[in-house]
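Below is one structure, written out as structure tokens, with a few remarks after it.
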2 protein chains.
Amino acid sequence: MSDDTPYAPSRIRALPSWLLGRAAARGHRLVADALATEGMRMMHHAVLSAVDELGPVSQAELGRTVGIDPKDMVTLVNDLQKDGLVTRTPDPKDRRKNAVEISTAGRQRLRRTQQLGDQANAELTASLTPDERAQLITLLGKIAVPDR
Amino acid sequence: MSDDTPYAPSRIRALPSWLLGRAAARGHRLVADALATEGMRMMHHAVLSAVDELGPVSQAELGRTVGIDPKDMVTLVNDLQKDGLVTRTPDPKDRRKNAVEISTAGRQRLRRTQQLGDQANAELTASLTPDERAQLITLLGKIAVPDR
DNA sequence: TGGTTATCGTTGGGGCACCCAATGAAACCG
DNA sequence: CGGTTTCATTGGGTGCCCCAACGATAACCA
């Protein structure tokens, strides 16, 4: 069911960059569709998850950790705050910063979105054995790091 | 070298979908920058390469093969035609179709962009052994095929 | 044969991830 | 203290991906 396709008369398809783009697009589609049932997008979930793990944290640090532009972080936190999933309070220690913290509702939402994300990723890697999945994660980890 | 990084206190980073997005973004950046020196983008190169391999071909079939929306294909072929890299002639057999064919200039351009693409992919996978690179390509091939 | 159905190129519109520059306020540091 | 840096925010921009519609043409089929 996977080897009879008139697949591709194209040199392009052997390039990691091309395959990565395709695989990423499919992964994004799966995860986005899953998270949409909770009214969230990938970035929302990523930020919410980071806030949960980091505790009260500034937007700038969030951006650095998750790899999101400060500009987009503003919008993201706005959305999360509007839905009551995180709180944004001025940091008394440093009045430039916002202390972003997850709320109870945020924790509940996070539990569901994590499950949805895991399911979507399971579907994404459904054609892989557990070993292969682990290999893929390791390999991707090596090339995904732009560094800094 | 991989376990001391203040890496990420984030569950997200272990998800294939997230890693794929990150790796794809880096790959896209590398390839796009390389192709930009020839005034082309990834899609241009992909289409040009497909035209070269498929011979005279309709835009619809090109779109199906490379996985590009017909709408975007119009723009892409417009660009390539404007630069004299492909010819677009009405198909006498089927007057709905355009027969897209690569030109001599297109072949020359393609040779350069292929080299640039290969270099960028080499840089992308620089931290991988040849074996690992082959593994990655195999694994990606398994999950990249979404649908059609 | 004639009517329906499907395909092709094209136009129009939209969403999302990613990225850069600039600004005022505040903190840091020598 | 004065210069530099950081922070949140605003503004703008690009590239890839997807959907809907339409006139022209071809294929299908009853």
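Each chain gets a letter, A, B and so on, in the order the sequences are listed, and its residues count up from 1.
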Is A:Lys71 side chain donor-acceptor paired with the D:dG11 base, going by distance under 3.5 Å alone? yes

Taking atom types as they are modelled, would you say the side chain of A:Asp69 forms a donor-acceptor pair with the base of C:dC20 within the 3.5 Å cutoff? yes

For [Y], is there any backbone N or O sitting under 3.5 Å from a side-chain donor or acceptor partner on [X]?
X	Y	result
B:Thr138	B:Ala134	yes
A:Asp91	A:Lys93	yes
B:Arg22	A:Gly67	yes

Of the options [options], whose atoms approach the side-chain atoms of [X] most closely?
X	options	value
A:Val74	C:dC19, C:dA27, D:dT10	D:dT10
A:Met42	C:dA27, C:dT10, C:dA17	C:dA17
B:Arg96	C:dG9, D:dA8, D:dA24	D:dA24
A:Arg95	C:dC18, C:dA27, D:dC18	C:dA27
A:Ala60	C:dC18, C:dT10, D:dC7	D:dC7
B:Ser58	C:dA17, D:dG15, C:dG9	C:dG9

Among B:Arg88, B:Lys97, B:Arg64, find the residue that satisfies the side chain to side chain donor-acceptor pair (under 3.5 Å) test when tested with B:Gln59. B:Arg88

What is the distance from [atom1] of [X] to [atom2] of [N], rounded to the nearest Å?
X	N	atom1	atom2	answer
B:Asp72	C:dG9	CG	C1'	13 Å
B:Leu35	D:dG15	CG	C1'	13 Å
B:Asn98	C:dT7	CG	P	18 Å
A:Met73	C:dC18	CE	C1'	13 Å
B:Glu61	C:dT7	CD	P	14 Å
B:Leu76	D:dC16	CG	P	8 Å
B:Arg22	C:dA17	CZ	P	11 Å
A:Asn78	D:dT10	CG	P	7 Å

OP1, OP2 of [N] versus side-chain N and O of [X]: anything below 4.0 Å?
X	N	value
B:Arg64	C:dC8	yes
B:Gln59	C:dT10	yes
A:Arg29	D:dC18	yes
B:His28	D:dC16	yes

A:Arg26 and B:Ala144: which non-hydrogen atoms are nearest, and at how many Å? CD-O, 4.3 Å

Pair B:Asp52, A:Arg11 - check salt bridge (Lys or Arg N to Asp or Glu O under 4.0 Å), show working. CA-CA 10 Å; B:Asp52 180 51; A:Arg11 262 194 63 172; over 6 Å; no

Using heavy-atom distances to pick each residue's nearest nucleotide on DNA chain D, tell me which of A:Gly21 and A:Ala99 is more 5'. A:Ala99

Most 5' of A:Asp94 and A:Arg41 on DNA chain C, judged by nearest nucleotide: A:Arg41

